[in-house]
Amino acid sequence: MPIDKVYEPQRFEPHWAEWWVSSGIFHASPSAPGPVFSLVIPPPNVTGSLHMGHMLEHTEIDVTIRWRRMMGHNTLWLPGTDHAGIATQMVVERELAKEGLDRHQLGREEFERRVWCWKEQSGGAILRQMVRTGTSCDWSRARFTLDEGLSRAVREVFVRLYEKGLIYRGEYMINWCPRCLTALSDLEVVHEESEGNLWHFRYPVNEPAGADPRHLIVATTRPETMLGDTAVAVNPKDARYASLRGKTVRLPLMDRDIPVIFDDMADPEFGTGVVKVTPAHDPNDFAAGQRHNLPLVQVIDQHGRMTPAAGRFAGLGRFEARKQVVAALDQQGLLNKVQPYTLSAGRCQRCKTIVEPLVSTQWFAKMKPLAEPAIKAVETGEIKFIPENWVKTYNEWMYNIRDWCISRQLWWGHRIPAWHCATCGKITVSREDPTQCAHCQSEDIKQDPDVLDTWFSSGLWPFSTLGWPEKTVDLATYYPTSLLITGFDILFFWVARMIMMGIECTGEVPFRQVYIHGLVRDAEKQKMSKTRGNTIDPLDVTERYGTDAVRFSLLRGAAPGTDIVTSEDRMAAARSFANKIWNAARFIFMNMEKAGVETYELATVDCCLPEANEYSITIPVEDRWIFSRLARCAELTGRAIETYRYHEAADTLYHFFWGEFCDWYVELKKLRMQQEPEVKAHLRNLLRTFEISLRLLHPVMPFLTEELWQRLVRKTDARPASIALAPYPDYDPSVIDHKSILDMDVFQDIVTAARNLRADLGEADPKKTLDGVLYSRSLGFEIASREKSFIEKLASVQLELRQEAAPKLEGAAVRSTTEFDLVLRLPAAQADAAIKRLEKEIANLEKVIANSRRQLEDETFLSRAPGKVVDQIKSKLADYETQLAKNQAALESLASK
RNA sequence: GGGCGCGUAGCUCAGUUGGUUAGAGCGCCUGCUUCACACGCAGGAGGUCACAGGUUCGAGUCCUGUCGCGCCCACCA
């Protein structure tokens, strides 16, 4: 049963990953005891595969969920995937293109069938990857946004909102992607700055015969749209143009007269103060057109080509048309000037094609009435954002929210439950598929071809996944969910909409807290992206470093409100830690074998206290100490996880396990078991502390701890099936033994002092023992006499103990603290290093002492600083002064040589 | 044009409500194949906390400004 020398997670991680699923230990039961803690996963796209962002998010969620589960909460982590409308449709269309097909050749039904096939393949992949990485979801409750139940929820919400007048259909200006051939919401348009031009054109003013010819100069970044101009606008307060009232101008190239309108949209400060108005191709102009009743002349079509309304430019692509329009105007002498200009163009979030603002009939959701209660919920603290400053961003968007274009001209998604009547032209919106028009009973009705924005269904995710609109037990138990963990990139897309939809549909907030994590970046602080080629594949590093190491490295970088830097260096460091744990286990297993102990039986007392009756001996200092440290570690780790300071949790565990458990406790136990006869008693506590440590570590390193725990702990009826179901170590502060901490401090100080002195003397080889004397009349003597042989062993010294004050010694290296003075005999040749250290120590002490004295003499300080702080300084000052005196004496004696 | 965030050791970053010799990981230097671990052990070097002011008994921490960097939102042609 000895385990392998080197930590090789590949050998056991897949096994536990499978077992966690097959054993069903993460299955949530509404009737389970304990406070409810529920969370729904931000559903990854079915088309996707796991990336580092998921890995981080899932790790943070998993740590939280595992910790809560061990704390005895009734936990649910509901997993699932999103159908991701455009993204998925694009991927499948690309696949079809390889076969030389497009979706129209297949037809809607066949195309949908193909997407479902694709979903079965790739949707399975990401779920399998999640299983492999150990996420402790309840897989029996996995959901997909196009599931029957969720589709019913979508339909119910659509009908309700329609009936309340919160969903309407109308002709407005929307963002249109000429490549995807669908409308987009404002959020799906990303703005990108690029270098372009500002062209200035002359539009001749129509003057009565005989008057002086005049022209107006208009500027535009999009010359091709001028073909659709139906007015020019000037500011009503702009005195320069007052005389234009009632005038028209001749639109060049089109030979059309268009009116001069007076509207605030024109900024007198900008350019000439005259702006061309193209209501069909610019959102501003569209609004102006409505105010002034201007006609719409659409010169660009859905494919981004010029329409017949563009006259001789008809059929050209929009960018080619731009060139030709400029050339034509130039030729006619109407090009006034060209200015370089940075403009921000809207691009399709998915395919990066420049979006075309077009007037189109679409479905919209009215947002203001939904936003109001959602704002209030955050304001009143019913929903808490962490970090808090995201509230500002949230509010900014919510207060300025505009109606949401929810229809998409796609085939993959939730079909809009509206039927158009060919007879009366009216619309029937219904929960069940209608067979006739609700208005005229005609049977000549056809379902609207559009589907809903993919975020419409994700907005319902927290309750649709729990069975809503049915009144299910799950819904009653787990809704509202406790927590949402997600990235800020989908704050508006998803989080805000869930809040609005949740409140609207269920009357309750969808979650109590939202923890917003940072972005995963590479070692160069670059955003990870496929195009940059700097992605780290989580599955790849999981194989090479182990899932636990990848998780741990991410957590160590995951301070709230900051981005998360990853690199293989960090993973290697985390793997070293895992290896350390592994080897501690190896040492323990080895000693069990030596002592003939087969397995460890879980202690009946679960708090961090040694079981006194196990001992026929006095409880040694390291045991009293380590249990206090265990309790402290549990407390700090728990509090860190609870407040989403994952980096702190990881750090606390790291330093506890490595710096305290391994470096001191195990080392001491090692000696104890070598030198003392009560091996089993010592082993018993070693096992106990190790087992508790494994439980402390389990939320962050689930695989390794499960593997070791299963090997260590004896299977009994009382034992939980998995460490994941074992209780998180109790951290009642009353178990902390302060005396033991003091004792251990002194013990460590003596050992460290001896090691320092050895180094000063240039003797780094631990095989060579040096002689020394320890002087102390207090705790130092007590500890040193009790643990003399251990100090000698750990520091490679031979000690003589004297219960007296240190005399003035010549030719010796001295290390002094308030509790003791340690003296090593010094070969004369090596005084320099010792002197140097003393001088440094003295300089430090002098600085601190001066500082403290100054403060203690300062009346204002004494009167204003809290008594606690003053006392602290006083007692420390005394300590510093004794140390200083001792060091000075030592230096004097050394220097005099 | 608004909003948010960052600038701390060679590198990457922590630093909870201001409280007294500023921490970690990696890297570097010295010495150790000590029977759990060289993915290790022991010891060590390295920081005027971007800059300038201010508040305070006390500032890496709070305020103002400057410089540098990043991100988000916005219909100015």
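In what follows, every chain begins at residue 1, and chains take the letters A, B, ... in the order their sequences are listed.
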Please determine if a side-chain N or O atom of A:Gln872 lies less than 4.0 Å away from the OP1 or OP2 oxygen of B:rU20.
yes
Does the B:rC75 base have a donor-acceptor partner in the side chain of A:Asn284 within less than 3.5 Å?
yes
With C1' as the reference atom in both, quote the distance from B:rA9 to B:rC49 in angstrom, rounded to an integer.
10 Å
note: A:Glu660, atom CD; B:rA24, atom C1'; distance rounded to Å ~ 15 Å
It should be established whether A:Lys768 places a side-chain nitrogen or oxygen under 4.0 Å from OP1 or OP2 of nucleotide B:rA42.
no
Base, sugar-phosphate, or nothing for A:Glu269, non-hydrogen atoms under 4.0 angstrom?
nothing
Cation-pi, A:Phe587 ring and A:Lys670 (6.0 angstrom, 45 degrees):
yes
Are any of the side-chain nitrogens in A:Lys793 or A:Glu667 under 4.0 Å away from the carboxylate oxygens of its partner?
no
From the candidates B:rU33, B:rG15, B:rA36, the one with an atom nearest any side-chain atom of A:Lys767 is B:rU33
Checking contacts here: which listed nucleotide (B:rG25, B:rA38, B:rG40) is nearest the side-chain heavy atoms of A:Lys5?
B:rA38
Going by side-chain contact (heavy atoms from CB on, under 4.5 Å), A:Pro268 matches just one of A:Val234, A:Val274, A:Asp238. Which one?
A:Asp238
Where each residue is assigned the nucleotide of RNA chain B containing its nearest heavy atom, which of A:Asn844 and A:Glu193 is assigned the position nearer the 5′ end?
A:Asn844
Looking at B:rU34, which nucleotide sits across from it as a Watson-Crick or G-U wobble partner, both distances under 3.5 angstrom, or is there none?
none
Quick one: do A:Glu642 and A:Arg639 satisfy salt bridge (Lys or Arg N to Asp or Glu O under 4.0 Å)? Show the steps, please.
CA-CA 5 Å; A:Glu642 194 175 10; A:Arg639 207 158 48 199; over 6 Å; no
Pairwise P distance, B:rU8 and B:rG60 [rounded to whole Å]
15 Å
Where the side chain of A:Arg755 is concerned, which of B:rG19, B:rA24, B:rA42 is the nearest nucleotide?
B:rA42
Taking the P atom of each, how far is B:rU17 from B:rC75, in whole Å?
36 Å
A:Asp651 has a side chain; which of B:rC32, B:rU20, B:rA24 sits nearest to it?
B:rA24
Atom CZ of A:Arg586 and atom P of B:rG40: how far apart are they, to the nearest Å?
14 Å
Whole-Å gap separating P (B:rA24) and CG (A:Leu555):
20 Å
Under 4.0 Å between a side-chain N/O of A:Lys793 and OP1 or OP2 of B:rU34, yes or no?
no
Does B:rA74 have a Watson-Crick or wobble mate here (both distances under 3.5 Å), and if so which one?
none
How close or far is atom C1' of B:rC37 from atom OH of A:Tyr7, stated in whole angstroms?
14 Å
Most 5' of A:Arg575 and A:Gly561 on RNA chain B, judged by nearest nucleotide
A:Gly561
Out of B:rA24, B:rC4, B:rA36, whichever nucleotide has its closest atom nearest the side chain of A:Arg556:
B:rA24
If I take atom CG in residue A:Asp663 and atom C1' in nucleotide B:rG43, what distance separates them, rounded to the nearest angstrom?
13 Å
Using a 4.0 Å heavy-atom cut-off across all strands, classify A:Pro357 as base, sugar-phosphate, or nothing.
nothing
Counting distance alone, no hydrogens or angles: does the base of B:rC4 have a donor or acceptor under 3.5 Å from a partner atom on the side chain of A:Lys392?
no
I need the CD-C1' distance between A:Glu648 and B:rA24, as an integer number of Å.
12 Å
By nearest atom, which of the nucleotides B:rA36, B:rU20, B:rU21 is closest to the A:Gln855 side chain?
B:rU20
Just say parallel, tilted or perpendicular for the rings of A:Tyr515 and A:Tyr646, cut-offs at 30° and 60°.
perpendicular
On the nucleotide B:rA14, are OP1 or OP2 found under 4.0 Å from the side-chain N or O atoms that A:Thr562 carries?
yes
Which part of the nucleic acid, if any, lies within reach of A:Thr220 when heavy atoms closer than 4.0 Å are counted: base, sugar-phosphate only, or nothing?
sugar-phosphate
So what does A:Trp199 touch, heavy atoms closer than 4.0 Å: a base, only the sugar-phosphate, or nothing?
nothing
Would you measure the distance from the P atom in B:rA59 across to the matching atom in B:rU20 and give it in whole Å?
13 Å
Please state whether the phosphate of B:rA24, meaning OP1 or OP2, lies under 4.0 angstrom from any side-chain nitrogen or oxygen of A:Tyr654.
no
Using a heavy-atom cut-off of 4.0 Å across all strands, would you classify A:Asp267 as base, sugar-phosphate, or nothing?
base
From CZ of A:Phe657 over to P of B:rA24, roughly how many Å is that when rounded to an integer?
20 Å
Watson-Crick or G-U counterpart of B:rC69, or none if no pair lies under 3.5 Å:
B:rG5
Any chance CD of A:Glu859 has more than 12 other-residue heavy atoms, nucleotides or ligands included, within less than 6.0 Å?
no
Ion pair check, A:Arg711 and A:Glu707, cut-off under 4.0 Å:
yes
Among B:rC72, B:rG19, B:rC41, the nucleotide that comes nearest once only the side chain of A:Phe492 is considered
B:rC72
Where the side chain of A:Asn756 is concerned, which of B:rG40, B:rA24, B:rG43 is the nearest nucleotide?
B:rG43
Partner nucleotide of B:rA22 by Watson-Crick or wobble geometry (both distances under 3.5 Å):
none
Does OP1 or OP2 of B:rC75 have a side-chain N or O of A:Arg402 closer than 4.0 Å?
yes
Heavy atoms only, 4.0 Å cut-off, all strands: where does A:Ala574 land among base, sugar-phosphate and nothing?
nothing
Can a side-chain donor-acceptor contact be found between A:Tyr203 and A:Asp229 if the only test is distance below 3.5 angstrom?
yes
Report yes if at least one side-chain N or O of A:Ser567 is closer than 4.0 Å to OP1 or OP2 of B:rC26; otherwise report no.
no
Modelled atom types, side-chain donor and acceptor of A:Ser185 and A:Glu188, under 3.5 Å:
yes
Would one find a side-chain N or O of A:Trp390 under 4.0 angstrom from OP1 or OP2 of B:rC73?
no
Could you work out which one of B:rG40, B:rU12, B:rC32 sits closest to the side chain of A:Lys580?
B:rG40
pair_partner(B:rC62), Watson-Crick or wobble, both distances < 3.5 Å, evaluates to B:rG54
I need the CG-P distance between A:Asn887 and B:rU21, as an integer number of Å.
16 Å
